[in-house]
Amino acid sequence: MLNSSPTTPNLVEIRDVYYSVGGRDIFKGLTLNVPRGKITAIMGPSGTGKTTLLRLITGQIRPTRGQVLVDDQDVSKLSRRALYALRQRMGMLFQNGALLTDMSVFENVAFPVREHTDLPESLIRNLVLTKLQAVGLRGAYKLMPHELSGGMARRVALARAMVRDPHLLIYDEPFAGLDPISMGVILRLLRNVNDALAITSIVVSHDVDEIAQVADLSYILAGGKVVASGTPKALKEDQSGLVRQFMNGLPDGPVPFHYPADDYFKELLA
Amino acid sequence: MFKALTKLLGNAVAAFGAITWFLLRILSQVPRALLRPGLVIHQIHNAGALSLVIIMTCGLFVGMVLGLQGYDMLERFGSESSLGSAAALALVKELGPVVAALLFAGRAGTALASEIGLMRATDQLVAMEIMAVDPFRHVVAPRFLGGVIALPLLTMIFIAIGIFGVQLVGVQQLGVDQGTFWSQMRGSVEVDDVMQGLIKGCVFGVACSLIAVYEGYVAEPTAEGVGRATTRTVVNSAVMTLILDYMITAVML
Ligand SMILES: Nc1ncnc2c1ncn2[C@@H]1O[C@H](COP(=O)(O)OP(=O)(O)OP(=O)(O)O)[C@@H](O)[C@H]1O
Ligand SMILES: [Mg+2]
């Protein structure tokens with residue numbers, strides 16, 4: 001269980017983690033900390049393993065080497081029962097929403113509550129509608145997932161992730177595909193939820209400017225390691241090549257934009 | 001040659017182990033799934049309603065063909081009066097359970113496999129696990145139980161309609177005496193025969209449902225992966241049904 005009396009300042013600690021899949025090394029000695037009660041941003045080029053990192057933290061996969069600690073427990077050593085107990089205090093927003101397609105919006109948000117508590121129907125109703133109101137979709141409670149746009153589905157998924165007031169909220173690309181208004185609403189929501197409920201948040205995002213507004217701490221991953229960390233402001237002012245390239249969105253720099261390939265002209269002329 | 005054979009055998013043993021482990025995981029969740037009968041009832045209805053029309057249509061035609069062929073055959077020995085008992089025995093002991101299982105695998109089994117496969121492909125199963133809900137309890141076990149309960153019921157419907165079909169052709173069309181038809185049938189079909197049909201229906205229900213949910217669950221999370229899972233559901237269910245049919249018949253005769 002994530003206990004409310006913190007014993008360590010960090011809710012999540014990744015210690016020297018190695019992980020490889022399909023013969024490719026994704027992480028080569030990754031170390032990072034997620035402080036309690038703060039919003040921590042994970043950034044990095046596409047395909048560096050940000051989603052993979054979230055899967056390590058939620059115990060879906062195990063590292064080849066190293067430790068993943070959540071609330072002082074090594075996630076990869078937990079029994080299924082203990083892992084499920086831990087996950088009851090986590091909420092996660094998936095990159096594509098991952099709503100249950102055979103249930104309405106209302107039932108999707110109610111799902112974790114119904115599964116884990118015996119609250120009376122009237123209370124569940126209030127709880128669900130409050131969360132849907134927060135993401136601006138109370139009016140859509142009757143719709144089925146296939147009737148939602150991608151951005152709406154993600155907002156419903158966010159309501160579902162928050163519905164049991166978790167201690168750790170994990171967001172995988174929460175802003176992708178949102179219009180500027182929803183983006184602003186979700187950003188404020190993220191900050192408010194984090195502060196009001198003393199939640200710890202981990203946000204994976206490419207939206208450097210947006211995330212800089214809310215994050216307390218940012219990590220930039222590349223090549224299986226943390227290449228830079230600090231407050232978003234500090235990273236903005238960092239003049240090292242890689243950080244500058246990433247924060248300013250420049251195609252040329254230490255991070256290759258292209259997946260490794262043969263020489264372009266040779267291949268065209270072959 | 002020898003190497004290829006050991007490899008084949010190894011694969012077979014590994015597949016058997018995997019599916020047994022899968023079955024055990026389902027069974028461990030069955031009591032908790034039964035605590036919420038709503039989900040299971042929904043799945044019985046789902047699997048049953050999907051296959052009902054096709055089961056009834058095929059039952060009727062299988063029965064009518066049986067009437068024609070049975071009459072033709074029995075007439076050669078001058079015993080067309082025993083059409084009722086011969087056809088009923090064939091339906092109750094063999095045709096009913098086997099054909100119903102094959103139809104069930106093709107209709108409900110493929111639907112189960114592709115549904116679960118799609119849930120995997122769209123991260124729904126992972127999302128459930130992150131919400132600390134075991135997909136075996138919420139998705140796999142209710143669907144498995146639904147199939148296990150639905151197939152024996154469908155088998156009985158198939159047999160009843162099949163007998164009606166035999167009667168339609170034999171009595172109404174070919175002129176077998178109505179009274180003889182029914183009394184012969186009642187005289188020769190024994191409780192043991194009905195039991196054999198029922199046991200087959202239950203065993204095939206377990207096999208076909210297990211194969212469907214297993215193939216769906218382990219499907220690769222892509223469009224092709226889900227397609228392959230449905231194909232394998234039909235093929236494996238058919239082969240397994242016929243193998244089990246032989247084994248049960250050999251033991252029970
Ligand atoms: N099952 C798998 N088999 C082989 N390689 C995989 C598998 N899953 C992920 N990968 C590889 O792992 C790397 C990291 O994937 P991941 O999804 O974590 O990236 P990401 O940082 O989340 O990218 P994005 O920002 O595009 O979502 C990718 O290069 C991908 O090719
Ligand atoms: Mg990702």
Side-chain angles (χ1 to χ4, degrees), chain A residues 1-2 51 54-61 70 75 78 80-103 107-118 145-146 150 153-154 156-158 160-164 166 168-173, chain B residues 21-22 24-29 32-33 35-47 49-50 108 111-143 146 213 216-217 219-223 225-226:
Chain A
M1 279 291 159
L2 305 179
T51 302
L54 300 185
R55 294 178 39 172
L56 282 166
I57 294 173
T58 50
Q60 296 169 55
I61 50 176
V70 177
V75 172
L78 292 180
R80 181 189 299 275
R81 182 178 291 255
L83 186 61
Y84 271 28
L86 186 66
R87 283 175 178 171
Q88 286 213 34
R89 296 274 150 264
M90 292 183 181
M92 174 152 174
L93 178 64
F94 281 80
Q95 215 163 347
N96 59 12
L99 296 178
L100 306 181
T101 40
D102 57 348
M103 292 179 194
E107 287 304 320
N108 260 288
V109 180
F111 181 76
V113 187
R114 290 199 201 286
E115 285 298 316
H116 296 297
T117 63
D118 284 316
H146 66 84
R154 201 111 38 76
V156 174
L158 178 56
R160 179 178 72 180
M162 299 185 316
V163 74
R164 294 193 67 219
L168 174 63
L169 251 175
I170 300 173
Y171 306 79
D172 196 355
E173 308 268 3
Chain B
W21 179 83
F22 192 83
L24 291 179
R25 261 197 86 181
I26 295 180
L27 293 181
S28 75
Q29 292 300 326
R32 294 177 69 193
L35 275 181
R36 297 211 187 153
L39 277 178
V40 179
I41 290 169
H42 180 72
Q43 291 304 331
I44 297 173
H45 173 255
N46 225 350
L50 274 182
L112 280 183
S114 62
E115 189 191 12
I116 297 178
L118 268 177
M119 292 178 93
R120 155 85 59 219
T122 52
D123 281 342
Q124 293 181 55
L125 297 182
V126 176
M128 257 180 220
E129 286 196 25
I130 301 291
M131 291 186 275
V133 175
D134 191 343
F136 273 79
R137 171 165 59 94
H138 200 271
V139 174
V140 180
R143 281 167 178 74
V213 292
Y217 195 83
E220 247 180 78
T222 59
V226 175

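Order of the sequence lines fixes the chain letters, A, B, ..., with proteins taken first and strands second; residue numbering starts at 1 for each chain.
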Any residue meeting side chain to side chain contact (heavy atoms under 4.5 Å, CB included) with B/Ser114, in chain and number order, not counting sequence neighbours: B/Val226, B/Thr230
Residue part contacting chain B, namely of A/Leu99, when any heavy atom lies under 4.5 Å: backbone
Pair A/Arg114 + A/Glu107: basic N to acidic O under 4.0 Å: yes
Any B/Leu125 side-chain heavy atom under 4.5 Å of B/Tyr217 side chain: yes
Atom group of A/Glu115 that falls short of 4.5 Å from chain B, counting heavy atoms: both
Test salt bridge (Lys or Arg N to Asp or Glu O under 4.0 Å) applied to A/Arg164 - qualifying residues, sequence neighbours left out: none
B/Gln43 and its side chain to side chain contact (heavy atoms under 4.5 Å, CB included) partner, picked from B/Ile41, B/Leu39, B/Asn46: B/Asn46
Those residues that, when tested against A/His116, pass side chain to side chain donor-acceptor pair (under 3.5 Å) (two or more places apart): A/Gln88
Residue, of B/Arg137, B/Gln124, B/His138, that accumulates the most heavy atom pairs under 4.5 Å with chain A: B/Gln124
Least distance between heavy atoms, B/Val126 atom then A/Gln60 atom: CG1-OE1, 3.1 Å
Residue-level interface, residues 128-135 of chain B with chain A, non-hydrogen cut-off under 4.5 Å: B/Met128, B/Glu129, B/Ile130, B/Met131, B/Ala132, B/Val133, B/Asp134, B/Pro135
Structural part of A/Arg55 lying under 4.5 Å from a heavy atom of chain B: neither
Check: A/Thr58 main-chain N/O paired with A/Arg87 side-chain donor or acceptor under 3.5 Å: yes
